[in-house]
Asker: 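I have a structure I would like to understand better, so I am pasting it below and will then ask my questions one at a time.
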Amino acid sequence: MLKYITKRLLYMVFVFFTMSVLIFALYNAIPGDPAMMQVASQRDKLKPEQFEKIYQNMRQQMGLDDPAPVRYGKWIKSVVTLKFGDSIIYKKPVTKVIAEPMKNTIFLNLMVTFFALGITIPLGIYCAVKKFSKFDTAVQVLTIVGYSLPVFIFALIIIYFFAVQLRWFPVSGMNTPNISGSAMVLFLDRVKYMVLPTMVLTLASLGGMTRYVRAAMIDSLRMDYIRTARAKGLTERVVIYSHAWRNALLPIITLIISWFIAIFSGSIITESIFALNGMGKIYLKALNGLDYNLAMGVQMFYIVVSLVGNLIIDLSYGIVDPRVRIAK
C-alpha cells in the first residue's frame with residue numbers, strides 16, 4: 001500500500017504540473033489586457049504620452065512583457081510556495097482574498113452534504129427494499145422531476161414561499177448588518193442566512209443521489225450471498241445493513257467523496273441569487289475582471305483538491321471492500 005501511495009503521489013505531481021502549464025496557457029490566451037483595465041480610468045485625465053507611459057509601467061509591473069516561460073516560472077513558484085501572487089482587483093494576496101469566501105462555501109456545503117446524505121441514503125435504501133411499491137413509484141417520479149429542474153427554479157420557489165409569503169428567512173447576504181454579540185449569536189445569525197441556500201442545494205441534489213443509492217442497493221440485493229444470508233435465518237435488518245449496504249457502498253462512496261470535493265468549488269448560480277460571498281462568486285468576478293492570478297489560483301486549488309480526493313476515493317475502496325485492496 002505504501003508503494004502504491006508513493007506512485008500515486010508521483011502521478012499527482014506530474015498531473016499537477018501538466019495542468020498548471022495548460023491552465024497558464026489557457027488563461028493567457030484569453031483576449032483582453034489586464035494592464036489596460038487597471039489604468040483605463042485615467043485615459044481621459046491625462047495626455048496621450050502620459051497615459052502611454054503609465055500604461056507601459058503597469059505592463060512592466062505586472063510582468064506582461066516578459067516571455068511566456070519567464071512568466072510561467074514566476075507564477076508556478078508563487079503557486080508552489082502557496083502565495084499565488086496578488087489579485088489585481090482586490091490589491092492583496094490571492095490567499096487572503098479567497099480565505100473568507102472559502103470558509104463561507106465550506107460552511108454552506110457541509111450543511112448541504114449533511115442534510116442531503118441524511119435524506120437520500122435512508123430514502124434510497126427504503127425504495128430499493130420496497131421497489132415497485134406505490135411509495136417507490138412516487139419517489140421515482142418526484143426524483144425525476146427534481147433532477148430535471150434547474151437550480152434557479154428551486155431558488156425562486158423557495159424564496160417565494162419562505163421569504164416573500166412567510167417572511168421567515170432573509171433573501172440575500174451573509175449576516176445581519178452591524179450585528180454584534182457573542183459567538184453563538186453570530187453563528188445563529190449566519191445559520192439564518194444559510195437556511196434558504198441550503199434548502200435549494202439540498203433539494204437540487206436529492207434526485208440524482210436517491211436514484212443512485214436505490215440502483216446500487218437493488219443490484220446488491222440481487223446477489224447470491226443475500227439469498228444465502230437470508231437462508232441462514234439472519235434478520236432482514238442485518239441482511240440489508242450489514243451485507244447489502246456494505247457491498248453497495250463501493251459505487252456510492254465515489255459519488256459521496258466526489259460530492260464532498262465539490263464543497264470547495266461553490267455554486268455560482270446559488271451564490272449569485274442569494275448574494276453569498278463564496279468561491280463560485282469570486283471565481284466569476286475574477287474571470288470578468290481579467291484577474292488572472294486570482295482565477296488561476298482558484299483553479300489550481302480545485303485541481304489539488306480533485307487529485308487528493310481521487311486518492312482518497314481509491315484508498316476508501318480498500319477500506320470498504322477488502323477484495324479490492326492492493327496485493328503484492
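The basis for the numbers below is simple: all heavy atoms, side chains too, and nothing from hydrogens, waters or symmetry mates.
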Asker: Tell me if a side-chain donor or acceptor on T105 pairs with a main-chain N or O of M279 at a distance below 3.5 Å.
Answerer: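 Side chain of T105 to backbone of M279, a donor-acceptor pair under 3.5 Å: yes, one is there.
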Asker: Sequence neighbours left out, what pairs pass side-chain hydrogen bond (donor to acceptor under 3.5 Å, both in side chains) with at least one residue falling in residues 230-241?
Answerer: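 Only R230-E236 qualify under side-chain hydrogen bond (donor to acceptor under 3.5 Å, both in side chains).
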Asker: Any idea which heavy atoms bring A286 and I89 closest together, and the distance?
Answerer: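 Scanning both residues completely, I find the closest heavy atoms to be CA-CD1, 4.3 Å.
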Asker: Report yes or no: does E271 contribute a side-chain atom to a donor-acceptor pair with the main-chain N or O of G280 at less than 3.5 Å?
Answerer: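 Flag set: sc E271 to bb G280 pair under 3.5 Å.
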Asker: Side-chain contact, heavy-atom cut-off 4.5 Å: V145 with L149?
Answerer: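 Heavy-atom side-chain distance check passes, below 4.5 Å.
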Asker: Go through the steps to decide whether V200 and I159 satisfy the test side-chain contact (heavy atoms from CB on, under 4.5 Å), and finish with yes or no.
Answerer: CA-CA 9 Å; V200 170; I159 289 173; over 6 Å; no
Asker: Could you work out, with side chain to side chain donor-acceptor pair (under 3.5 Å) as the rule, every residue matching Y292, not counting sequence neighbours?
Answerer: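 For Y292 there are no side chain to side chain donor-acceptor pair (under 3.5 Å) partners, ignoring immediate neighbours.
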Asker: Transitively linked via ILVMFWY side-chain contacts under 4.5 Å: I218 with W245?
Answerer: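 Different clusters.
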Asker: So, do V94 and I98 sit near enough that their side-chain heavy atoms are less than 4.5 Å apart?
Answerer: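 Counting from C-beta outward, V94 and I98 do come under 4.5 Å.
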Asker: Just grab all the salt bridge (charged side-chain N to carboxylate O under 4.0 Å, His left out) pairs involving residues 170-181, residues at least two apart or on different chains.
Answerer: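 Matches after skipping sequence neighbours: none remain.
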Asker: What pairs of residues pass the side-chain hydrogen bond (donor to acceptor under 3.5 Å, both in side chains) test when at least one of them lies in residues 116-137, not counting sequence neighbours?
Answerer: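 Those involving residues 116-137 are D136-Q140, D136-R214.
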Asker: For residues 151-166, pull every pair meeting side-chain hydrogen bond (donor to acceptor under 3.5 Å, both in side chains), keeping only residues two or more places apart or in separate chains.
Answerer: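 Of all non-adjacent pairs touching residues 151-166, those that pass side-chain hydrogen bond (donor to acceptor under 3.5 Å, both in side chains) are Y160-Q165.
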Asker: Taking only residues two or more places apart in sequence or in another chain, which ones pass salt bridge (Lys or Arg N to Asp or Glu O under 4.0 Å) with R59?
Answerer: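 Checked R59 against salt bridge (Lys or Arg N to Asp or Glu O under 4.0 Å); matches are D33, D65.
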Asker: Test side-chain contact (heavy atoms from CB on, under 4.5 Å) on M199 and F154 and set out the steps.
Answerer: CA-CA 9 Å; M199 291 176 64; F154 286 111; over 6 Å; no
Asker: Pair D189, T176 - check side-chain hydrogen bond (donor to acceptor under 3.5 Å, both in side chains), show working.
Answerer: CA-CA 7 Å; D189 182 72; T176 303; 2.6 Å; yes
Asker: So does Q60 have more than 12 non-hydrogen atoms from other groups sitting under 6.0 Å from CD?
Answerer: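 Open: at most 12 neighbouring heavy atoms sit under 6.0 Å from CD of Q60.
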Asker: V151 and A204: which non-hydrogen atoms are nearest, and at how many Å?
Answerer: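 Shortest heavy-atom contact: CG2-CB, 4.1 Å.
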Asker: Can you name the side chain to side chain donor-acceptor pair (under 3.5 Å) partners of N277, sequence neighbours left out?
Answerer: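 In terms of side chain to side chain donor-acceptor pair (under 3.5 Å), with neighbours along the sequence ignored, N277 is linked to no residue.
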Asker: Would V80 and F301 show up in the same hydrophobic cluster when neighbours are defined by side-chain heavy atoms closer than 4.5 Å?
Answerer: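 Yes; tracing contacts between hydrophobic side chains, which count when under 4.5 Å, links both residues.
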Asker: Do P93 and V97 touch side chain to side chain, with heavy atoms closer than 4.5 Å?
Answerer: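 SC-SC contact between P93 and V97 ruled out.
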Asker: According to side-chain hydrogen bond (donor to acceptor under 3.5 Å, both in side chains), does anything in residues 7-19 pair up with another residue at least two apart or in another chain? List the pairs.
Answerer: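 Matches after skipping sequence neighbours: Y4-R8, R8-D314.
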Asker: Quick one: are V191 and F107 in side-chain contact, heavy atoms under 4.5 Å?
Answerer: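 Side chain of V191 against side chain of F107, heavy atoms only: contact under 4.5 Å found.
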Asker: Any side-chain heavy atom of F16 within less than 4.5 Å of one from I76?
Answerer: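 F16 reaches I76 side chain to side chain.
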Asker: Where is the tightest heavy-atom contact between P197 and F274, given as atom of each residue plus distance?
Answerer: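 Scanning both residues, the minimum pair turns out to be CG-CG, 3.8 Å.
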Asker: Find out whether Q299 and Y27 are in side-chain contact, i.e. whether some heavy atom of one side chain is under 4.5 Å from a heavy atom of the other.
Answerer: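 Sidechains of Y27 and Q299: in contact.
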Asker: Between L196 and W168, is the side-chain contact (heavy atoms from CB on, under 4.5 Å) condition met? List the steps.
Answerer: CA-CA 10 Å; L196 295 188; W168 287 354; over 6 Å; no
Asker: Indicate yes or no: at least one non-hydrogen side-chain atom of M209 is less than 4.5 angstrom from one of L117.
Answerer: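 Heavy-atom side-chain distance check passes, below 4.5 Å.
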Asker: Using the side chain to side chain donor-acceptor pair (under 3.5 Å) criterion, which residues pair with K103? Sequence neighbours excluded.
Answerer: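 With neighbours one apart ignored, the set is E100.
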Asker: Under the ring-ring contact (aromatic ring centres under 6.0 Å, His included) test, which residues partner F24, sequence neighbours left out?
Answerer: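 Scan of F24 (ring-ring contact (aromatic ring centres under 6.0 Å, His included), adjacent residues dropped) gives Y72, W75.
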Asker: Show the nearest heavy-atom pair for residues M217 and A128, with the distance to one decimal.
Answerer: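 Heavy-atom minimum between the residues: CB-CB, 3.4 Å.
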Asker: Between D291 and K285, does any side-chain N to carboxylate O distance fall below 4.0 Å?
Answerer: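 Salt bridge flag = no for K285 with D291.
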Asker: Which is it for S20 and M300 under the side-chain contact (heavy atoms from CB on, under 4.5 Å) test, yes or no, and what are the steps along the way?
Answerer: CA-CA 7 Å; S20 70; M300 292 306 297; 3.7 Å; yes
Asker: State, yes or no, whether a side-chain contact exists between Y90 and L294 at a heavy-atom distance under 4.5 Å.
Answerer: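 Result yes, sub-4.5 Å side-chain heavy-atom pair found.
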Asker: Could you tell me which residues satisfy salt bridge (Lys or Arg N to Asp or Glu O under 4.0 Å) with K77, sequence neighbours excluded, listed by chain and number?
Answerer: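 With neighbours one apart ignored, the set is empty.
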Asker: Looking at residues at least two apart in the chain, or sitting in another chain, which of them share a side chain to side chain donor-acceptor pair (under 3.5 Å) with S220?
Answerer: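 S220 satisfies side chain to side chain donor-acceptor pair (under 3.5 Å) with Y225 once adjacent residues are dropped.
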Asker: Do V213 and V139 sit in the same hydrophobic cluster, where Ile, Leu, Val, Met, Phe, Trp and Tyr count as joined when their side-chain heavy atoms come under 4.5 Å apart?
Answerer: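 Different clusters.
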